[in-house]
Amino acid sequence: MLNHVTLSTVDVDRAARFYGRVLGAIGVSQLHSRNSLDGALTQVGYGSDGSSYFWITGGASRSSLVHVAFSASSKEQVDAFFQAALDAGGADNGAPGFRPRYHPNYYAAFIFDPDGNNIEAVWFERNG
């Protein structure tokens, strides 16, 4: 079981603006931030219920590309995540829809964040 995930970014301020909008669409909010001695933003933590489980951190000359999937509570949240990501400067990597090749009830959307990471929101339709 994972406790948290940290992504490196070349621009923490840009990433914080992006993830603040995108994760807000699925009910995840910024809970923590850390600054360097000169006041520059260096790290931001997002989560819910007081626990940060997704972090972005600066200092990389380039980021290592990863894939992160966030749970959504409805199809509407997946749709909102996708639109918020596009509005925040993300690039379309798969519009909202069912992905039966993964699972018959897998509804997801995929976005490249400003650093090129593949982020996803996923919801599973419950039958009956």
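Side chains are part of it too, since the values below use all heavy atoms of this structure and drop only hydrogens, waters and symmetry mates.
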Problem set entry | Verdict with reasoning, Val12 to Val44, per side-chain contact (heavy atoms from CB on, under 4.5 Å) | CA-CA 8 Å; Val12 178; Val44 181; 4.2 Å; yes

What is the minimum heavy-atom distance between [X] and [Y], and which atoms define it?
X	Y	result
Glu120	Ala108	OE2-CB, 3.5 Å
Asp79	Pro96	OD1-CB, 3.1 Å
Asp92	Leu86	N-CD2, 3.8 Å
Ser52	Gly45	OG-C, 3.6 Å
Ala88	Val22	CB-CG2, 4.4 Å
Ala84	Ala25	CB-CB, 4.0 Å

Exercise. Should side-chain heavy atoms under 4.5 Å link Ile, Leu, Val, Met, Phe, Trp and Tyr, which residues sit in the same cluster as Trp123?
Worked result: Val78, Phe98, Tyr107

Problem set entry | Remaining members of the apolar cluster that contains Phe112, side-chain heavy atoms under 4.5 Å | none

Under a 3.5 Å distance rule, please check whether [X] uses its side chain to pair with a backbone N or O of [Y] as donor and acceptor.
X	Y	result
Asn117	Val66	yes
Tyr46	Ala16	yes
Asn93	Ile111	no
Asp11	Asp13	yes

First locate atom [atom1] of [X], then atom [atom2] of [Y], and finally report the distance between them rounded to the nearest 0.5 Å.
X	Y	atom1	atom2	result
Ser71	Phe124	OG	CZ	8.0 Å
Phe110	Phe81	CZ	CZ	9.5 Å
Ser74	Glu125	OG	CD	12.0 Å
Ser8	Trp55	OG	CH2	14.0 Å

For this session: Measure from the ring center of His4 to the ring center of Phe54 and say whether it is less than 6.0 Å.
Result: no

Out of curiosity, does [Y] fall in the hydrophobic cluster containing [X] (side-chain heavy atoms, cut-off under 4.5 Å, transitive links)?
X	Y	result
Leu7	Tyr53	yes
Leu31	Tyr19	no
Val28	Val5	yes

For this session: Examine the side chains of Asp38 and Ser36 and answer whether a donor and an acceptor come within less than 3.5 Å of each other.
Result: yes

Exercise. For residues Gln83 and Asp87, is any side-chain donor paired with an opposing acceptor at under 3.5 Å?
Worked result: yes

Exercise. Which residue pairs pass the salt bridge (charged side-chain N to carboxylate O under 4.0 Å, His left out) test with at least one member in residues 14-34, sequence neighbours excluded?
Worked result: Arg14-Asp115

For this session: Show your reasoning for whether side-chain contact (heavy atoms from CB on, under 4.5 Å) applies to Ser73 and Ile26.
Result: CA-CA 8 Å; Ser73 62; Ile26 59 171; over 6 Å; no

